[in-house]
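Below, each value reflects all heavy atoms present in this structure, side chains not excepted, and no hydrogens, waters or symmetry copies. Labels below follow one simple rule: chain letters A, B, ... track the order of the sequence lines, proteins then strands, and each chain is numbered from 1.
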Amino acid sequence: GNSVTQMEGPVTLSEEAFLTINCTYTATGYPSLFWYVQYPGEGLQLLLKATKADDKGSNKGFEATYRKETTSFHLEKGSVQVSDSAVYFCALLNQGGKLIFGQGTELSVKP
Amino acid sequence: GAGVSQSPSNKVTEKGKDVELRCDPISGHTALYWYRQSLGQGLEFLIYFQGNSAPDKSGLPSDRFSAERTGGSVSTLTIQRTQQEDSAVYLCASSPGQPITDTQYFGPGTRLTVL
């Protein structure tokens, strides 16, 4: 079946450090891939998405590239800020329209 | 414009009681989804509506859980005879519905605590 695996957290970084959160998936076909973010006390927000192989999603300085050869969708940001502290979820959209989420990765950025 | 809204934001109930959770999707969105977020299980799909019908109920954990949608808009998730393991944040999402690959937009959730 479809599944998503993310690197475990929590991840603690200093401000302006480089961020990578790994995400790999198992799926039939080529599903759309998403990163959602959940800031403290808030709901899930779409951060970025990619709908086909080699697509790069980007938003707010975050990027992720859909790699079918490695079945990965790693999230990166060149210079994190304290305001990026949140829980990040990788997800795939299966053929039935349901989102399959990874377990989430908590990021804490220290000044 | 207005996003997905859910009510109540918090609900505390006693074991064995019934609860109803409400979701108002974004206006014009035909697809509506319920998910559950809990410490032990992460984010899990519960049920999907297209219009008023539910083509996929596969995520409902037991027959104590049911959901309906009326007028192609508001949806209610009902949990009967609540158990402590039902404690979680219940999230609702909506999408335009066509194509099915559209982005899902989430509401703030209802935090359910069963004592």
Heavy-atom donor-acceptor pair, E44(B) side chain to Q37(B) backbone, under 3.5 Å: no
Side chains of Y35(B) and I47(B) in contact at under 4.5 Å (non-hydrogen atoms): no
Region of L46(A) that comes under 4.5 Å of a non-hydrogen atom in chain B: side chain
Heavy-atom contact with chain B under 4.5 Å, split by part of Q38(A): side chain
H29(B) and Y105(B) aromatic ring geometry - parallel, tilted or perpendicular at 30°/60° bounds: tilted
K68(A) NZ/CZ over Y30(A) ring centroid, <6.0 Å and within 45° of normal: yes
Segment of Q6(B) engaging chain A (4.5 angstrom heavy-atom cut-off): neither
